[in-house]
Structures are given as structure tokens and as C-alpha cells.
There are 2 protein chains.
Amino acid sequence: MKFSKATNYALHTMLFLVKAETDKPIGVQQLAESQDVSPTYLSKILTKLVKARLIDSISGAQGGYKLSRNRDEINFLDIIHAIEGTASLFECDFHHNNGCLIQAEIKNAEEKMNEHLRKTKLIDLVKKELRLS
Amino acid sequence: MKFSKATNYALHTMLFLVKAETDKPIGVQQLAESQDVSPTYLSKILTKLVKARLIDSISGAQGGYKLSRNRDEINFLDIIHAIEGTASLFECDFHHNNGCLIQAEIKNAEEKMNEHLRKTKLIDLVKKELRLS
DNA sequence: TATATTATAGATATTGTAAGTCTACGATTA
DNA sequence: TAATCGTAGACTTACAATATCTATAATATA
Ligand code: SF4
Ligand code: SF4
């Protein structure tokens, strides 16, 4: 069980955008170069972030992507959910008594993780990096 | 990102063994029937649990599997780790500054989940089921 | 001791999903 | 209108999970 590489790309892109001072859109070309990934593939991933309303896309010349929200609201969980989906880590084909205790327990555990990912903002990392440098 | 079906089988098998009153080993045949999975495949999974010292295997006639520890010590995390491995949910090829903040933050979150899975014992579920029935 | 029973290990096949590419299209700017 | 840039869908590739098959080793018991 692992987060996909796509999630990794998404996190790094979002971090890049949070760090960027400008309001101007940034092209996928530039975003892809900084991560050694093909632009077309990254584009596909970023479209998911657009649909999750985390970023806006601007077509045409001088277009690109930019944050659609306040930079200090962006947390890890929203990004991860945009890419990985929001289904539980534990699914079972037999929906036994729909009061399945195994599933309930694992969902509880998962929610502990999600709480932490929700309250951790990307901006926190940027601030921490500054302090360490 | 999902737990594998193998983990599902492992959890159910362990729950089965915890519920079983007997000390006698239970054959993979019987364990597989209760889950609609082929005995040879389940056997392969159970071998991982043996190597993780969660259960003991007894070869030969009247052989099978039985718990190797006290039934009320068995928690979710040990089983999951035995099957899925203990690597972090988030791996990155570039080991940048080995003080990577992204990885650190996700590991923190993961540890919250693990704490919960560690403190939740299978026996808790059995007790809860009894109370509900 | 011989036979039936049971787990183990390795080779192999199958399936499914992630990862990545390619191309035609639509939107925007200059 | 031409160059730029994101979108969408079909497609391929790569790889790990899932599963099967078979030979072998260990044990009980008749
Ligand atoms: S008990 Fe829960 S996890 Fe197990 S088979 Fe039933 S629904 Fe699935
Ligand atoms: S910052 Fe961390 S996660 Fe990102 S590439 Fe470097 S090591 Fe990997």
C-alpha cells in the first residue's frame, strides 16, 4: 500500500505554486521540468486538481495554472483526496451486515491519519524550510 | 491506495483463530472455505504470518495453523505489517536532503493511524460482536 | 514401515491498475 | 491569423497483486 507517484507530483506542484510569489499563471512546462516528469502526463494530473477546485487553469498563450484559494488554506488531505479519491483504505466485496466491525475499526484509524493531513498546511512546510535555512 | 486482498484474508483468518476455542491446529482447507479463497493461495499468505511469528504451522496429518501468542495480544497493525510490509506510505526516489519535510509530515500522519491499529486488538472485536448479538 | 495428510516453496499464468505517450481539439493572446 | 497553452480520449507499457500448479518435506497413524 503506497501513495501513487501521481500524488507525489501533485504535492510537489502545489508546493511549488504555494512558494511562487507571483499571481501569474505558471505553465505546465515549467512545473514539469522541476520534477523530471513529462508535461503531458503532469497536465493530466493537474486537471484533477482543477476539478477538485484546488487550482485554476488558464488556456491560451501566457496561460498555465495558479492557486484558486488562499495559499495558507491548502492542506495535504485535499490534494491527496483529489488524486487518490476518497474511498476507504479497506474495502470488502461482501457487504455483510453493513455493520462490519473490521471496516469500522480501520476507518477509525484512517480518520486519525486524515485529521493530521487535514490540519497540516503546505504553508507550514514553507515556513519550516525558511526557519531551517 | 488500498490494503491488499491478502491483508483482508489475513485479518479474517486471524479473527477466525482468535474466535476458535480450541488449541488444536486448524487446517488451511477449513480456513479457506470460510472465506471463499483457494487453499493454496491462502496458505501462501499464512506463511507470511508464520514468519512474522503471529501463528505457528504444524505439518503432517492433523496439522494446520494455530495462534503462537496469547489471543488477547493480537492487534491489527502486526497483521497488516506482516502482509504489507513496514515501508512508509510515501516513498520518494530522490533522497533529497534526507530531512525531507513532506515525507516527515506524512510519516507523522501515518503514525497516528498506526497507533490506533496497534492498540486495537482482535479480541476487542470479538467482545463487541458478542455484546451486539 | 507404508500411507495418507498437511504445510512449504518455486515456477508460472492471469488480471488489474498505475504510469506514461500521442494526437486532435479548443481556448486565448498578441 | 498564427503561436501558445490546457483538455480529453485512445492507446501503450510496465509492474505488482492475485492466483494456480506441482514437487517436496514433515508428521501422524494404521
Ligand atoms: S466481516 Fe466485514 S470485512 Fe469481513 S467479509 Fe464481512 S463485511 Fe467484509
Ligand atoms: S522534497 Fe522530499 S519528497 Fe520531494 S523530491 Fe525531495 S526527498 Fe522527495
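Below, read A as the first sequence line, B as the second, and so on, with proteins coming before strands; counting in each chain starts at 1. Everything numeric here is computed off the predicted structure, so don't read it as measured data.
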Exercise. Is the shortest side-chain N/O distance from A:T47 to OP1 or OP2 of D:dT7 below 4.0 Å?
Worked result: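 So the side-chain polar atoms of A:T47 do come within 4.0 Å of the phosphate oxygens OP1 or OP2 of D:dT7, strictly under.
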Exercise. Taking OP1 and OP2 of D:dC5, is either one under 4.0 Å from a side-chain nitrogen or oxygen of A:S57?
Worked result: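 Negative; the distance criterion is not met.
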Closest listed nucleotide, where the reference is the side chain of [X] and the choices are [options]:
| X | options | answer |
| --- | --- | --- |
| B:K5 | C:dA30, C:dA19, D:dA19 | D:dA19 |
| B:Y41 | D:dG6, D:dT18, D:dT29 | D:dT18 |
| B:Q62 | D:dT18, D:dA28, C:dA19 | D:dA28 |
| A:Y65 | D:dA17, C:dA30, D:dG6 | D:dG6 |
| A:S59 | D:dT27, D:dG6, D:dT18 | D:dG6 |

For this session: Report yes if some heavy atom in the side chain of B:K44 is under 4.5 Å from a heavy atom in the side chain of B:T47; otherwise report no.
Result: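 Answer no - side chains too far apart.
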Problem set entry | Interatomic distance where NZ belongs to A:K48 and P belongs to C:dG20 [whole Å] |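 The distance from NZ of A:K48 to P of C:dG20 comes to 13 Å, rounded to the nearest Å.
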Exercise. Taking CD from A:E33 and P from D:dC5, how many angstroms apart are they, rounded to a whole number?
Worked result: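 Value for this atom pair: 12 Å.
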Looking across every strand, which nucleic acid part, if any, lies under 4.0 Å from [X] by heavy atom: base, sugar-phosphate, or nothing?
| X | answer |
| --- | --- |
| A:V28 | sugar-phosphate |
| B:F3 | nothing |
| A:S43 | base |
| B:K51 | sugar-phosphate |

For this session: Could you walk me through whether B:M113 and B:L89 pass the side-chain contact (heavy atoms from CB on, under 4.5 Å) test, one step at a time?
Result: CA-CA 11 Å; B:M113 176 169 70; B:L89 295 184; 4.3 Å; yes
Problem set entry | Upstream residue (5' side of DNA chain C) when A:I58 and A:T40 are each assigned their closest nucleotide |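 Taking each residue's closest nucleotide, the earlier one in sequence belongs to A:T40.
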For this session: Return the 5'-most residue of the pair A:G60, A:T7 with respect to DNA chain C, ranking by each residue's nearest nucleotide.
Result: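 That would be A:T7.
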Problem set entry | Test item: B:S68 side-chain N/O and B:L54 main-chain N/O as donor-acceptor pair under 3.5 Å |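 Side chain of B:S68 to backbone of B:L54, a donor-acceptor pair under 3.5 Å: yes, one is there.
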Exercise. Is the A:Y9 ring parallel, tilted or perpendicular to the A:Y41 ring (thresholds 30°, 60°)?
Worked result: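 Answer is perpendicular, since the angle exceeds 60°.
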For this session: Measure distances between side-chain N and O atoms of B:K44 and base N and O atoms of C:dG10, and say whether any donor-acceptor pair falls under 3.5 Å.
Result: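 By the distance-only test, yes, there is a pair.
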Exercise. For the atom pair CG (A:N108) and CD (A:Q103), what is the distance rounded to the nearest 0.5 Å?
Worked result: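 If we round to the nearest 0.5 Å, A:N108:CG and A:Q103:CD are 11.5 Å apart.
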